[in-house]
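Below: one structure, written as structure tokens.
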Amino acid sequence: MRKVVIAAALFVTAAACNSAPPAPPFKPIAETKDLMEFVMERQADIVWGATGTIITEAGVEERSPKTDEDWIAVKAAAVNLVEAGNLLMLAPRAQDGDRWMKNVQSMMGQGEKMIAAIDRKDTKAMFDVGSDLYDTCTTCHMHYMPAIKDLYR
Ligand code: HEC
């Protein structure tokens, strides 16, 4: 009886393997450099620009999204940014399977915190998370960005 059960289990396992879906036909279009310039930087700038203090001749301005449309715009930017992390993990963009992935995960972690802060309309948290988010960009650039990694050797 036991043999039959094991045989049945093996059969099920084999059947499951055979029916595993093929790898999705991902087709990365933009090079990492372009993804950075056209997605990461633009979305991050919107997120960073939404809060903070600007001092001008006219006085001190506390920046904050005001209308519903402003809040949607900053949330859209944060969502685009965090999901772009998944694009960075795809071949051929991922430069290795270890440090690169961890750097992306750190960026996405701060992106998730940013979305939560936006949902709470907590501009103080948005500002603080923005600074931690910036650090995750720099951490990766110090190691992988050709233009600056040599400066840190
Ligand atoms: C997982 C690693 C990684 C993370 C995280 C990362 N970057 Fe990059 N970034 C790169 C690499 C690699 C390059 C260099 C691409 C090249 O020149 O081929 C780059 C280049 C750039 C550039 C220069 C693009 C150009 O036109 O030369 C900008 C701007 C940039 N990143 C913005 C950001 C911002 C903003 C963040 C954070 C919100 C970020 N990056 C997070 C890896 C990363």
Side-chain angles (χ1 to χ4, degrees), residues 13-14 16-153:
T13 314
C17 287
N18 284 341
S19 63
F26 290 127
K27 186 184 175 194
I29 305 289
E31 292 190 0
T32 301
K33 188 178 185 310
D34 290 342
L35 199 64
M36 289 292 156
E37 184 182 345
F38 297 120
V39 182
M40 302 290 287
E41 179 77 5
R42 285 182 163 251
Q43 304 310 313
D45 274 348
I46 294 170
V47 170
W48 287 323
T51 58
T53 308
I54 300 182
I55 300 168
T56 63
E57 278 175 26
V60 179
E61 184 202 339
E62 289 291 343
R63 302 205 61 165
S64 155
K66 302 215 164 47
T67 64
D68 286 352
E69 211 31 62
D70 291 346
W71 283 105
I72 289 170
V74 69
K75 178 153 178 182
V79 168
N80 277 300
L81 186 67
V82 78
E83 287 290 350
N86 289 311
L87 302 180
L88 287 172
M89 290 198 226
L90 286 182
R93 298 192 189 108
Q95 298 201 16
D96 58 59
D98 183 27
R99 185 198 289 253
W100 179 273
M101 299 303 178
K102 286 186 186 133
N103 286 173
V104 174
Q105 285 173 315
S106 305
M107 186 280 291
M108 292 178 75
Q110 295 306 327
E112 275 192 272
K113 284 191 191 169
M114 182 62 79
I115 291 173
I118 293 168
D119 285 344
R120 295 194 311 271
K121 297 199 166 150
D122 183 345
T123 50
K124 162 90 172 67
M126 285 165 66
F127 184 79
D128 293 343
V129 174
S131 156
D132 292 341
L133 173 69
Y134 181 83
D135 289 345
T136 69
C137 312
T138 311
T139 302
C140 196
H141 293 160
M142 276 164 58
H143 197 77
Y144 294 104
M145 190 172 158
I148 64 167
K149 69 180 183 193
D150 293 337
L151 300 175
Y152 292 92
R153 280 242 165 84

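Atoms within a ligand are numbered from 1 in the order they appear, just like the ligands themselves.
Looking at N86 and E83, their side chains come closer than 4.5 Å, going by heavy atoms from C-beta outward. In this structure, M126 and M114 have side chains that are in contact, with non-hydrogen atoms separated by less than 4.5 Å. At least one side-chain heavy atom of L81 sits less than 4.5 Å from a side-chain heavy atom of L133.
For the ring-ring contact (aromatic ring centres under 6.0 Å, His included) condition, the pairs that include at least one residue of residues 48-83, sequence neighbours left out, are W48-Y134.
Here the heavy atom of the protein found nearest to atom 13 (C) of ligand 1 is M145 CG, 3.8 Å. Distance from atom 35 (C) of ligand 1 to its nearest protein heavy atom, with residue and atom name: E41 OE1, 3.4 Å. In terms of protein heavy-atom proximity, atom 11 (C) of ligand 1 is closest to T32 CG2, 4.1 Å. Nearest protein heavy-atom contact of atom 5 (C) of ligand 1 is C140 CB, 3.6 Å. Among all non-hydrogen protein atoms, the one lying nearest atom 37 (C) of ligand 1 is C137 SG, 1.9 Å.
Every atom of ligand 1 is numbered from 1 in the order shown, and the set under 4.0 Å from a heavy atom of V104 is 1 (C). Close approach to Y144 involves these atoms of ligand 1, each under 4.0 Å from a residue heavy atom: 12 (C).
A distance-only check finds a donor-acceptor pair linking the side chain of K66 to the backbone of S64 [under 3.5 Å]. R93 contributes a side-chain N or O that, together with a main-chain N or O of A30, makes up a donor-acceptor pair within less than 3.5 Å. The backbone N or O of V129 lies less than 3.5 Å from no partner atom in the side chain of D132, so there is not a single donor-acceptor pair.
When the heavy atoms of K33, M40, M142 are ranked by distance to atom 26 (O) of ligand 1, first place goes to K33. Considering each of M89, H141, E37, the one bringing a non-hydrogen atom nearest atom 9 (N) of ligand 1 is H141.
At least one N/O/S atom of M36, whether from backbone or side chain, sits less than 2.8 Å from atom 8 (Fe) of ligand 1.
With a heavy-atom cut-off of 4.0 Å, S106 does not touch ligand 1 at all.
Shown are Q110, R120, K75; of these, the side-chain contact (heavy atoms from CB on, under 4.5 Å) with I115 is made only by K75.
Under a 4.0 Å heavy-atom criterion, Q95 is in contact with ligand 1.
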